[in-house]
Amino acid sequence: MTTGTSARGRELPQSARAGQATLAAALRGLGARPKRLPPSCFYDARGSALFERICEQPEYYLTRTETAILRGTAAELVRLMGAHVLLVELGSGASTKTRLLLDRLDEPSGYVPVDISGTALFEAARDVRRCYPWLDVMPVCADFTSAFALPSSVHSTQRVAVFFPGSTIGNFDVLEGVRLMRAMRGVAGHGGVLVIGVDLVKDVSRLEAAYNDAAGVTAQFNLNALRRLNRELRADFDLEGFEHEAVWVPALSRIEMRLVSKCRQQVAISGRTIEFAAGERLITEHCHKYTVDSFRTLARAAGWSPRQVWTDDAGDFSVHFLVSPAH
Ligand code: AVJ
């Protein structure tokens, strides 16, 4: 575990750095074949707000289902976590689900929300501070896929519970997922725990509907990545020239979100020219779906011991409680 600072004065430089890394990855991805953007590209202030709206769409069962599972198991979860834990949340966004834990945790030693969107992160931290004035809230604006520093006020002896809800793990392919889950053991430390939400394989029509909501919010969210590049990398993407697509790919057990170029076109970005063929895909996100067993296999490969798992009655979503061995 490295140490750094999350003092208020560091908030702006932190979020500027997280944004720079995303934009650099976007430029690299546009030069790759197939072209792709890092999912972190979605989460500027507007994208984070659009994501909160996705969570309310009737087709997007993930948030509702996970929240119901957490509500039903919160008492048992906090008992398993024990007293005085430091709660570290990765991709914390609006910190909504976290409150189910904060309402019941036994004298937590602090809460460290980690998010790439400075606006969403610092607003959420302010709201959490207001509702839980006794809680030490230490936001860190960072891309959790690269090494990030825990606040310097965190002691290496503190017991850590990592909270990684939302099936964000699905954004990573299996090998990246194992690598990230190993890195989380580094954050959790010996004897640390991980509470992670994982979306489950189900009927294709429901999976595809969740990423193609009738109100078109997911399409707006997807296209927002281009809008952001236009603003932040002085690109000239024509948002009318690309179409949202989200397709289930059974062989890889994932939804692929793409922006499909409607015609042959050129886009200028940071002094370069990128060519798109008609029908060419720009991959913006992969959302892998697991079974309880296939996820446990991944967790074990990263050195975690699966202890408990909860699902909703329909088996749509799972919440796992994993332990990192003490030695
Ligand atoms: C935040 C990665 C869990 O994969 O369902 C929602 C993001 N993308 N709709 C997901 C998302 C399109 C979401 N995760």
Side-chain angles (χ1 to χ4, degrees), residues 22 25 36-44 46-67 69-70 89-98 113-117 120-121 124 143-145 163-174 176-177 180-181 195-204 206-228 242-249 252-260 281-290 295 298 312 316-320:
T22 294
R36 61 168 307 176
L37 292 175
S40 56
C41 209
F42 290 136
Y43 300 100
D44 60 0
R46 185 169 182 272
S48 292
L50 282 167
F51 179 69
E52 293 304 321
R53 280 180 57 205
I54 288 176
C55 294
E56 292 161 7
Q57 298 309 303
E59 298 92 339
Y60 196 75
Y61 59 86
L62 287 82
T63 312
R64 243 179 296 121
T65 311
E66 183 180 41
T67 302
I69 297 171
L70 287 172
E89 180 172 5
L90 307 180
S92 47
S95 295
T96 311
K97 297 163 195 161
T98 326
V114 181
D115 203 277
I116 194 140
S117 167
L121 174 73
D143 178 350
F144 60 75
T145 62
F163 185 41
F164 193 34
S167 201
T168 307
I169 188 68
N171 277 176
F172 304 88
D173 69 28
V174 175
E176 288 170 347
L180 181 61
M181 298 265 295
V195 177
I196 181 169
V198 184
D199 193 23
L200 299 174
V201 175
K202 60 184 60 62
D203 190 61
V204 190
R206 290 187 56 218
L207 285 167
E208 290 189 341
Y211 294 86
N212 290 285
D213 62 282
V217 183
T218 307
Q220 280 185 62
F221 173 75
N222 201 2
L223 284 160
N224 183 60
L226 302 185
R227 188 190 290 260
R228 177 182 182 182
F242 290 85
E243 196 167 31
H244 164 74
E245 179 177 86
V247 181
W248 174 245
V249 180
L252 298 167
S253 195
R254 69 188 185 201
I255 289 281
E256 290 189 10
M257 279 233 306
R258 309 159 182 157
L259 291 166
V260 183
R281 295 164 177 169
L282 168 58
I283 295 166
T284 50
E285 187 177 38
H286 290 154
C287 311
H288 291 82
K289 309 299 173 183
Y290 292 90
F295 180 73
L298 182 150
D312 55 305
D316 284 343
F317 198 94
S318 60
V319 174
H320 297 249

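Atoms within each ligand, like the ligands themselves, are counted from 1 in listed order. Since the model is a prediction, treat every value here as computed from it, not as a measurement.
For ligand 1, the protein residues placed under 4.0 Å by at least one non-hydrogen atom are Y43, F51, I54, Y60, L62, G166, S167, T168, N171, Y211, T218, F221, M257, E285, C287.
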Begin with the C-alpha distance, continue with both residues' side-chain angles, and end with the deciding distance and a verdict on side chain to side chain contact (heavy atoms under 4.5 Å, CB included) for T218 and M257. CA-CA 10 Å; T218 307; M257 279 233 306; 3.8 Å; yes

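By the side-chain hydrogen bond (donor to acceptor under 3.5 Å, both in side chains) test, Y211 pairs with K289, sequence neighbours left out. Looking at residues two or more places apart in sequence or on another chain, you find a side chain to side chain contact (heavy atoms under 4.5 Å, CB included) between N212 and E208, H244, A246. The side-chain hydrogen bond (donor to acceptor under 3.5 Å, both in side chains) test applied to R46 returns N224, not counting sequence neighbours.
In this model, no donor atom of one side chain and acceptor atom of the other lie less than 3.5 Å apart for D115 and S117.
The distance from the CG atom of L37 to the CZ atom of F42 is 8.0 Å, given to the nearest 0.5 Å.
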